[in-house]
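Notes follow once the structure below has been shown.
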Amino acid sequence: MSAADLHAFLAKVGNDESMRSKIHAAAGVNDILDLAASHGFSLHKPSVIRAHAEALAQASDHQLERVNTWGDALMHCFGATEDE
């Protein structure tokens, strides 16, 4: 998996309300990986976690205050939110 693969998946999520709802409801990275796989994306857990950690490390406190779930954090960090 490349960063481009992750961004392609999140771009699809950003354009699909049903997928966004599933991402926001994700309890953990495995839920995200399962959703991605069901839509033809092959993401790898270590790469997703590393990319996620890097993005979170650069987020402001204000941005982090809006995060409630792992899915919310992933969506926010990679720009796939609907109200940024």
Side-chain angles (χ1 to χ4, degrees):
M1 179 205 89
S2 68
D5 296 329
L6 179 58
H7 288 285
F9 169 65
L10 290 173
K12 181 173 177 78
V13 169
N15 292 319
D16 185 321
E17 180 64 35
S18 173
M19 288 179 70
R20 269 197 311 275
S21 294
K22 290 175 184 174
I23 291 285
H24 284 296
V29 69
N30 288 336
D31 292 344
I32 304 295
L33 298 175
D34 291 344
L35 179 62
S38 74
H39 286 85
F41 293 90
S42 179
L43 305 181
H44 301 271
K45 189 174 188 174
S47 298
V48 171
I49 292 171
R50 279 189 192 98
H52 184 249
E54 289 170 11
L56 278 178
Q58 297 176 21
S60 70
D61 286 351
H62 173 73
Q63 292 167 322
L64 294 174
E65 286 289 334
R66 296 173 41 191
V67 172
N68 292 310
T69 68
W70 202 93
D72 287 347
L74 185 70
M75 294 282 289
H76 173 77
C77 287
F78 296 102
T81 59
E82 62 270 12
D83 59 12
E84 263 308 280

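In this chain, numbering begins with 1 at the start of the sequence shown.
With sequence neighbours left out, N15 forms a side-chain contact (heavy atoms from CB on, under 4.5 Å) with no residue at all. N30 is linked by a side-chain hydrogen bond (donor to acceptor under 3.5 Å, both in side chains) to K45, counting only residues two or more places apart in sequence or in another chain. For S38, the side-chain hydrogen bond (donor to acceptor under 3.5 Å, both in side chains) criterion is met by no residue, not counting sequence neighbours.
The one candidate from D16, D31, V13 that meets the side-chain contact (heavy atoms from CB on, under 4.5 Å) condition with I23 is V13.
Atoms CG and CG, from L35 and L43 in turn, are 9.5 Å apart once rounded to the nearest 0.5 Å. Here the NE2-CZ distance, from H44 to R50, works out to 12.0 Å after rounding to the nearest 0.5 Å. Distance CG/L10 to CZ/F41: 9.0 Å, rounded to 0.5 Å. Taken to the nearest 0.5 Å, the CE atom of M19 stands 4.0 Å off from the NE2 atom of H39.
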